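Right, one structure below, let's go through it.
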Amino acid sequence: MNDKKSDKSTINIPRGRPKSGRLWKSVKERRYSDIKKDKQLRSSWDVKMKKKKQLKALKNFDKELKEAKKREKQLKRERQEEGKKRRLENEKKSEVVQTIKNTAKIKRMKKKQLRQLAKR
């Protein structure tokens, strides 16, 4: 009698063609609700706090690096501006200036000469 039961379970009856035409779909053996699910993996409070501290430390470190970069950039910009100012001042000091006392000369000057004039 036991042999008959085992024979029936081992005999694989070929499946017919499904009505939907989706041949690749497999037959469900049991319902989703019947499948035993594991409980979620929970970390302990200490582990959570440790991770939180590490993350906070990492964020602080990142913030400090960004601030340092920002400061460096600002200092570089200031140095460049100072250099520019110094260069302009030195150019002004080294210029050869000739004052025009007779303003009538300006009226007689050509366009190219007028372009070279600068009022100081």
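In this text the structure is predicted, and so the values were computed from the model without any measurement. Numbers for residues simply follow the sequence, beginning at 1. Atoms considered below: every heavy atom in the structure, side chains included; atoms not considered: hydrogens, waters and symmetry mates.
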*Hydrophobic cluster partners of Ile35 (side-chain heavy atoms under 4.5 Å)*: Tyr32
*What pairs with Asp62 under side-chain contact (heavy atoms from CB on, under 4.5 Å), at least two apart in sequence or on another chain?*
Lys66
_According to side-chain hydrogen bond (donor to acceptor under 3.5 Å, both in side chains), who are the partners of Arg77, at least two apart in sequence or on a separate chain?_
Gln74
_Less than 4.5 Å apart, side chain to side chain, heavy atoms only: is that true for Glu81 and Lys84?_
no
*Name all pairs fulfilling the salt bridge (Lys or Arg N to Asp or Glu O under 4.0 Å) condition that reach into residues 87-99, sequence neighbours left out, sorted by first residue then second.*
Glu95-Arg120
*Do Leu65 and Lys70 have side-chain heavy atoms sitting under 4.5 Å apart?*
no
Identify each donor-acceptor pair in which a side-chain atom of residues 46-59 lies under 3.5 Å from a protein atom, sequence neighbours left out, and give them as a table.
none

*Counting only heavy atoms not in Glu29, do more than 12 sit closer than 6.0 Å to its CD atom?*
no
*Would you give the length of the straight line joining atom CZ of Arg108 to atom CD of Gln113, rounded to the nearest 0.5 angstrom?*
11.0 Å
*Looking at NZ of Lys28 and NZ of Lys25, how far apart are the two atoms once the value is rounded to the nearest 0.5 Å?*
8.0 Å
*Other than Leu117, which residues form its hydrophobic cluster under the rule that side-chain heavy atoms must be closer than 4.5 Å?*
Ile100, Ile106, Met109, Leu114
*Does Phe61 offer a backbone N or O that forms a donor-acceptor pair with the side chain of Glu64 under 3.5 Å?*
no
